[in-house]
Amino acid sequence: MVVENTTPTVHSQHAKARSVPIRLHINIDHVATVRNARGTRYPDPLFAAHVCEAAGADGITAHLREDRRHIKDDDVERLRASISSHLNLECATTDEMRAIAERIRPDTVTLVPERRQERTTEGGLDVATQRRDIEAFVSMAKRCGIRTSLFIAPDEEAIKLSHALGVEQIELHTGVYCHACEPGHHGARALELERLARATSLACSLGVEVAAGHGLTRQNIGPVVAIPGIVEVNVGHSVIADAVFMGLSEAVKSLRAAIDRSLA
Ligand code: PXP
C-alpha cells in the first residue's frame with residue numbers, strides 16, 4: 001500500500017526549475033508474466049508495447065532475465081522489429097546477454113544486477129566488482145551505436161566509476177525511496193529524496209544522463225521527476241497493476257498525468 005505524496009519538499013523546491021520534459025518508458029515485463037503463467041500466446045507484450053506507445057510512452061523497456069521468467073528472446077526480437085519508439089533492453093552483464101544485445105541492437109542497454117532467487121531487481125549494480133564485464137559491454141555498445149545505462153544505487157563512488165567507464169546514462173534505483181513512501185517511513189523518505197537529488201546533481205556535473213526507476217507509482221513519482229536533472233523514468237509493475245483496473249492505455253495516461261502535475 002502506497003501513500004499519497006504529503007511531504008513534497010524536494011518537489012516544490014525544484015519543480016519550477018525544470019525545463020527538460022521527462023521521458024516515460026514503460027516496462028512491459030509483467031504482461032509476459034501473465035502470459036507465461038498459462039503458457040498461452042496472450043497477453044502479448046508486443047501488443048502492450050503498441051498500446052503504451054499510442055498512450056504516449058516515449059519508450060519501451062524489457063528485461064531479458066537469464067531464467068527467461070517473463071520476457072523471452074523472441075519478444076525482444078519482435079519488439080525491436082516493430083516498435084517505433086525507444087527500446088531499452090535490461091539485462092545482466094553476461095557474455096550471453098552481450099551477444100544478444102549486439103545482435104538485437106536496442107537503442108539503450110541497461111545493465112542490471114541479477115540473482116535468480118530474487119523476485120525483482122533488488123539492488124543496484126556493483127560497478128567496481130563487475131568492472132571488466134561492464135567494460136566489455138560498453139565497448140560493444142559504442143561499436144554498435146547502442147547507449148549504455150547502469151542501474152545503480154544513488155551512491156557517489158558508483159556514479160564516479162560509471163562516468164569513468166564511459167557510459168552515457170545511469171539509472172538511479174528508487175526502490176529505497178519507494179519503500180520509504182509506505183506508511184510509517186516518512187523520515188527515511190525525505191532522506192532518500194535528498195540522496196537521489198545529490199546523486200543526480202553529481203552525475204549531471206560529470207555529463208552523465210540520469211534516469212530513475214523501480215517501485216515508482218502514480219502516487220510516489222512526483223517528487224522524483226521534480227528532481228532537476230532526472231530526464232527519464234522506467235516504470236513497470238505499478239502500470240500493469242493499474243491496467244488490471246483501468247486498462248493499459250488509461251494506466252499509462254494516468255502516470256503521465258501524475259508526472260505532468262508534478263512539473264506544473
Ligand atoms: N528499472 C530497472 C533497471 C528495473 O530492473 C526495473 C524492474 O525490472 C524497473 C526499472 C521497473 O521497476 P518496477 O517494475 O518496480 O516499476
Side-chain angles (χ1 to χ4, degrees), residues 1-2 22-34 36 45 48-49 52 57-71 75-76 79 86-93 97 101 106-116 118-127 130 134 137 147-154 158 162 167-182 192 196 199 209-222 224-225 230-244 248 251-252 254-256 258-259:
M1 170 83 184
V2 176
I22 291 277
R23 300 194 304 262
L24 172 60
H25 289 187
I26 303 295
N27 179 316
I28 41 119
D29 292 350
H30 294 312
V31 176
T33 304
V34 174
N36 299 352
C52 292
D58 300 297
I60 301 299
T61 297
H63 184 172
L64 186 65
R65 293 187 74 102
E66 289 180 86
D67 62 8
R68 311 301 201 266
R69 69 174 70 157
H70 36 57
I71 293 293
D75 295 325
V76 182
L79 285 167
H86 192 97
L87 177 61
N88 175 22
L89 175 67
E90 296 177 357
C91 61
T93 58
M97 290 299 156
D107 299 291
T108 299
V109 64
T110 300
L111 301 179
V112 302
E114 217 177 276
R115 285 189 297 278
R116 277 176 191 258
E118 69 190 358
R119 276 198 206 151
T120 178
T121 317
E122 278 162 9
L125 199 60
D126 184 340
V127 185
Q130 300 204 37
I134 295 170
F137 252 95
R147 282 156 46 92
T148 308
S149 182
L150 302 184
F151 187 46
I152 58 173
S162 301
V167 300
E168 287 81 5
Q169 187 190 70
I170 55 168
E171 180 176 342
L172 294 176
H173 196 305
T174 49
V176 178
Y177 158 73
C178 294
H179 183 62
C181 290
E182 288 168 13
E192 280 310 313
L196 290 166
E209 188 180 272
V210 183
H214 204 276
L216 295 171
T217 66
R218 283 184 289 128
Q219 292 81 4
N220 67 24
I221 202 167
V224 172
V225 293
I230 290 185
V231 295
E232 176 190 308
V233 283
N234 284 280
V235 187
H237 184 260
S238 70
V239 176
I240 305 306
D242 281 342
V244 171
L248 184 54
V252 173
S254 299
L255 184 60
R256 172 71 81 187
I259 293 171

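Position 1 is the first residue of the sequence; numbering continues from there. Fair warning: this is a prediction, and the values are worked out from it, not measured in the lab. Counting convention: from 1, in listed order, for ligands and their atoms alike.
Checking only distances, Thr110 never comes within under 3.5 Å of ligand 1, N or O to N or O.
With contacts defined as side-chain heavy-atom distances shorter than 4.5 Å, the pair Cys52/Ile28 qualifies.
Counting atoms of ligand 1 from 1 in the listed order, those under 4.0 Å from a heavy atom of His237 are 13 (P), 14 (O), 16 (O). Each of the following atoms of ligand 1 lies closer than 4.0 Å to a heavy atom of Gly215: 12 (O), 13 (P), 15 (O), 16 (O). Listed by number with element, the atoms of ligand 1 under 4.0 Å from a non-hydrogen atom of Gly236 are 13 (P), 14 (O), 16 (O). Counting atoms of ligand 1 from 1 in the listed order, those under 4.0 Å from a heavy atom of Val112 are 3 (C). For ligand 1, the atoms closer than 4.0 angstrom to any heavy atom of Asn27 are 8 (O). In summary, the atoms of ligand 1 found under 4.0 Å from a heavy atom of Val235, numbered by their order in the structure, are 16 (O).
Between His214 and Phe151, the angle of the ring planes lies from 30° to 60°, which puts this pair in the tilted group.
Checking each of Gln130, Glu114, His173 against Leu125 for a side-chain contact (heavy atoms from CB on, under 4.5 Å) leaves exactly one that passes, namely Gln130. Screening Asn27, Asn88, Thr110, Thr108 against Thr61 for a side-chain hydrogen bond (donor to acceptor under 3.5 Å, both in side chains) leaves a single residue, Asn88.
The closest approach between any non-hydrogen atom of Ser238 and ligand 1 is not below 4.0 Å.
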Next on the checklist: Under the criterion side chain to side chain contact (heavy atoms under 4.5 Å, CB included), I'd like the reasoning laid out for Val231 against Arg23: C-alpha separation, chi angles, the key distance, then a yes or no.
Outcome noted: CA-CA 6 Å; Val231 295; Arg23 300 194 304 262; 4.2 Å; yes

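Under the salt bridge (Lys or Arg N to Asp or Glu O under 4.0 Å) criterion, Glu168 pairs with Lys142, not counting sequence neighbours.
Closest heavy-atom approach to atom 1 (N) of ligand 1 within the set His30, Glu114, Glu171: this belongs to Glu171.
Of all heavy-atom pairs spanning His70 and Thr33, the tightest one is CB-OG1, 3.4 Å.
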